[in-house]
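Before any comments, here is the structure.
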Amino acid sequence: MNKIKKLRKYICIPFVVICTVLFLAGCDVKFNVPNNKKPTSPVIARVGNAVLTIDDLNASIPMEYRDIITYEQNAHFVRQWMSTELLYQEALRRKVDKEHEIKARLEKMKKDLLSAEIINRNSLGGRSGVSDQAIREYYEKNRSQFIREQDMIRYQEIVVQDINLAWEIRNTVTHEKFSDVLAAHSKIPLTNLDHPPFVPLDAVPPFLRARIATLAVPSIGGPYRSDDGFYILRIIGKYDKGAIATLEEVYDEITARLTSVAQKSEIDRLIADLRLKTNVEFNIDLIPGSDRQHHDMEQQSNPGIAAE
């Protein structure tokens with residue numbers, strides 16, 4: 001399910017990305033093919049002189065999604081590309097890109113994009129990686145920050161249509177083999193089979209919530225009939241609201257926190273290094289502001305506060 005959610009986000013991204021790339025490119029449209037040069041792969045769509053080929057479409061899809069993206073999702077992307085091209089070419093026809101305000105905004109977008117890319121490339125160097133040991137130490141020192149705000153459940157479900165198959169699975173499946181059987185038979189497979197997610201109990205459908213309440217930890221129960229089919233449940237853990245969350249529950253959150261701190265430190269170091277190599281001027285006295293007078297008075301009363 002996590003992969004499908006990410007895929008849905010991915011489908012929404014290209015429209016924004018295409019708009020940004022096309023505008024930043026000025027008159028040089030990304031998918032334009034010169035009149036004297038034919039596309040190297042079949043053309044899916046054409047808007048004026050701009051074309052979108054099979055190769056272009058494949059290149060726009062992250063490798064991990066190419067096997068699961070559907071026809072409708074690809075068609076949606078192509079329609080977005082065509083809409084963007086129509087709007088972009090109309091903007092060029094009206095010479096919107098020549099307007100002073102638009103040029104200034106494009107320049108800012110270009111600076112933001114390139115600055116972000118430098119940060120991204122610097123982070124990919126691995127110098128801001130976070131170790132398991134650092135994550136565990138952070139958790140132990142800050143356990144009180146991770147109070148669970150709601151009841152949580154960790155479970156897996158196998159859903160099949162046939163009652164006989166459901167009973168066969170229920171009578172033979174073990175905790176160790178549950179993920180394998182789920183992947184082989186369930187009509188609602190999970191992508192993260194090795195590490196089932198922690199789910200708020202309130203987010204579980206009432207039908208399943210009622211069954212989960214009757215099951216111990218750990219246990220396997222069912223089959224339970226529903227409109228979707230027959231459910232076999234594996235209960236891995238139940239976690240009470242108000243208690244301290246386990247490390248596994250908050251592992252990703254801590255990783256994100258520490259990664260953010262490490263990346264900020266790395267960015268600060270990079271900027272400091274660049275300052276040493278570049279002529280930088282900062283006239284702080286010229287900065288305006290409605291509270292400027294109050295700020296100056298505070299500085300006079302606190303001379304220890306140094307300007308940047």
Side-chain angles (χ1 to χ4, degrees), residues 1-9 64 68 130-140 142-259:
M1 291 300 290
N2 290 338
K3 196 169 187 178
I4 298 299
K5 289 180 180 177
K6 290 180 181 178
L7 179 57
R8 287 175 184 161
K9 291 181 181 178
E64 63 268 29
I68 63 172
V130 179
S131 68
D132 285 345
Q133 181 63 28
I135 293 170
R136 294 180 183 279
E137 289 178 359
Y138 185 92
Y139 173 76
E140 293 299 332
N142 300 277
R143 289 169 65 94
S144 61
Q145 295 183 18
F146 301 110
I147 303 299
R148 200 177 292 114
E149 297 181 354
Q150 50 192 324
D151 292 331
M152 304 291 287
I153 185 72
R154 200 173 182 210
Y155 73 101
Q156 290 178 300
E157 58 191 22
I158 297 174
V159 186
V160 296
Q161 291 291 348
D162 182 65
I163 182 62
N164 294 321
L165 177 59
W167 276 113
E168 180 184 347
I169 291 173
R170 173 66 182 85
N171 292 330
T172 58
V173 72
T174 63
H175 286 277
E176 293 73 22
K177 295 294 184 181
F178 200 93
S179 293
D180 294 336
V181 177
L182 191 163
H185 295 287
S186 183
K187 59 178 285 191
I188 310 178
L190 290 174
T191 55
N192 195 359
L193 295 176
D194 295 330
H195 301 283
F198 292 83
V199 180
L201 189 58
D202 289 344
V204 177
F207 159 75
L208 292 180
R209 198 184 314 157
R211 271 59 180 186
I212 288 171
T214 66
L215 296 173
V217 178
S219 65
I220 296 174
Y224 306 111
R225 181 191 295 272
S226 78
D227 293 339
D228 299 326
F230 298 93
Y231 280 71
I232 299 96
L233 299 178
R234 176 194 177 207
I235 307 302
I236 302 170
K238 298 179 181 179
Y239 311 90
D240 296 332
K241 174 182 177 180
I244 295 176
T246 64
L247 173 59
E248 193 173 2
E249 281 179 85
V250 296
Y251 192 92
D252 290 344
E253 179 183 345
I254 295 175
T255 301
R257 287 189 190 184
L258 295 182
T259 299

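Considering OG of S131 and CD of E137, their distance stands at 7.0 Å, rounded to 0.5 Å. Here the CD1-CD distance, from I158 to Q156, works out to 8.0 Å after rounding to the nearest 0.5 Å. How far OH of Y155 is from CG of L208: 5.0 Å, rounded to the nearest 0.5 Å. Rounding to the nearest 0.5 Å places CG of L233 at 7.0 Å from CZ of F178.
In this structure, S219 contributes its side chain and L215 its backbone to no donor-acceptor pair below 3.5 Å. Checked by atom type and distance alone, the side chain of R234 never pairs as donor or acceptor with a backbone atom of E157 at under 3.5 Å. Between the side chain of R143 and the backbone N or O of A245 there is no donor-acceptor pair closer than 3.5 Å. Side-chain atoms of K238 do not come within 3.5 Å of backbone N or O of D151 as any donor-acceptor pair. At least one donor-acceptor pair under 3.5 Å links the side chain of D162 to the backbone N or O of L165. A donor-acceptor pair is defined here as one N or O able to donate and one able to accept, closer than 3.5 Å; such a pair exists between the side chain of S186 and the backbone of V159. Not a single donor-acceptor pair under 3.5 Å links the side chain of R148 to the backbone N or O of G242.
S144 has its side chain out of reach of I244: every pair of non-hydrogen atoms, C-beta onward, lies at least 4.5 Å apart. Within the 4.5 Å cutoff, the side chain of T246 has heavy atoms near those of the F198 side chain. Looking at heavy atoms from C-beta onward, L247 lies in side-chain contact with I135 at the 4.5 angstrom threshold.
Side chain to side chain, Y231 and R211 fail the donor-acceptor criterion of an N or O pair below 3.5 Å.
Under the 4.0 Å criterion applied to side-chain N and carboxylate O atoms, R136 and E140 are not assigned as salt-bridge partners. Looking at E249 and R154, no side-chain N of the basic residue comes within less than 4.0 Å of a carboxylate O on the acidic one, giving no salt bridge.
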